[in-house]
Amino acid sequence: MFEDKALVDRFIEGWRKSGVQRLGFLYGRYEEYDDVPLGIKAVVVAIYEPPQTCAKHSIEFLEDPNSRLVDIMASHLGLRKVGWIFTDLEPEENGRVSYKRNIHTHLLTGEECIMAAEFQNSHPNACTQASDGYFGSKFVTVCVSGNEHNNIDTTGYQASNQCMSLIRDDCFVPTLD
């Protein structure tokens, strides 16, 4: 959940101005979510865009010399890295965008699933009941893409614990499109 809709609008504005895909890290806090038993939700209050090489159909992370500083500053504000967000937008006429992610094509690519699981593995969830003190992750993946009405929409995902284990043990590789 985004605390302020303007956060996402500013993030998408980068795509509108440049025409290239963008990614960012979500900073916020976790809160109880009463609509689901034992529910927890991430409340996002900031998006940090690290150095990246962006193109019309791809994004590449670059080394971020400020990563640690950003995490420290966020911590001083009572925030933490709770997820990542990326665009997969293709413009159409009249300000619309392509609807290409659905049950008939794909929701996330193999590479995006791998990234989600890698991020989740690097942000484990503390759990006193687990033998190693951790179980799963609360880290989220948010994809900004076109919906069935050809409007821009956000969709949240998480890799399963099984997928996280497969990535951790190097048993999962992306496919070529």
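Since the model is a prediction, treat every value here as computed from it, not as a measurement.
More than 12 heavy atoms of other residues, nucleotides or ligands lie within 6.0 Å of CD in Glu148, so this atom counts as buried by the packing criterion. Few gaps surround CZ on Arg101; more than 12 heavy atoms of other groups in view lie less than 6.0 Å from it. Counting heavy atoms of neighbouring residues, nucleotides and ligands inside a 6.0 Å radius, atom CZ of Phe135 does not exceed 12 of them.
For the pair His57 and Glu90, the minimum side-chain heavy-atom distance is below 4.5 Å. At a threshold of 4.5 Å between non-hydrogen side-chain atoms, the residues Ile152 and Trp15 count as touching. Using a 4.5 Å cut-off on side-chain heavy atoms (C-beta onward), Leu26 and Phe2 make contact. By the 4.5 Å heavy-atom criterion applied to side chains, Val45 and Arg29 are counted as neighbours. For the pair Phe86/Glu112, a side-chain contact is recorded, criterion being any heavy-atom separation below 4.5 Å from C-beta on. Counting heavy atoms from C-beta outward, Ile40 and Glu31 have side chains that stay 4.5 Å or more apart.
No hydrogens or angles considered: a donor-acceptor pair under 3.5 Å links the side chains of Tyr27 and Asp71. Tyr48 and Asp64 share a side-chain donor-acceptor pair at under 3.5 Å.
The aromatic rings of Trp84 and Phe61 are tilted relative to each other, their planes meeting at an angle between 30° and 60°.
In summary, Lys41 and Asp35 do not engage in a salt bridge, as defined by a charged side-chain N under 4.0 Å from a carboxylate O. Ion pairing between Arg10 and Glu13 fails under the 4.0 Å rule for side-chain N and carboxylate O.
Counting only distance, with no hydrogens or angles, the side chain of Ser137 and the backbone of Phe139 share a donor-acceptor pair below 3.5 Å.
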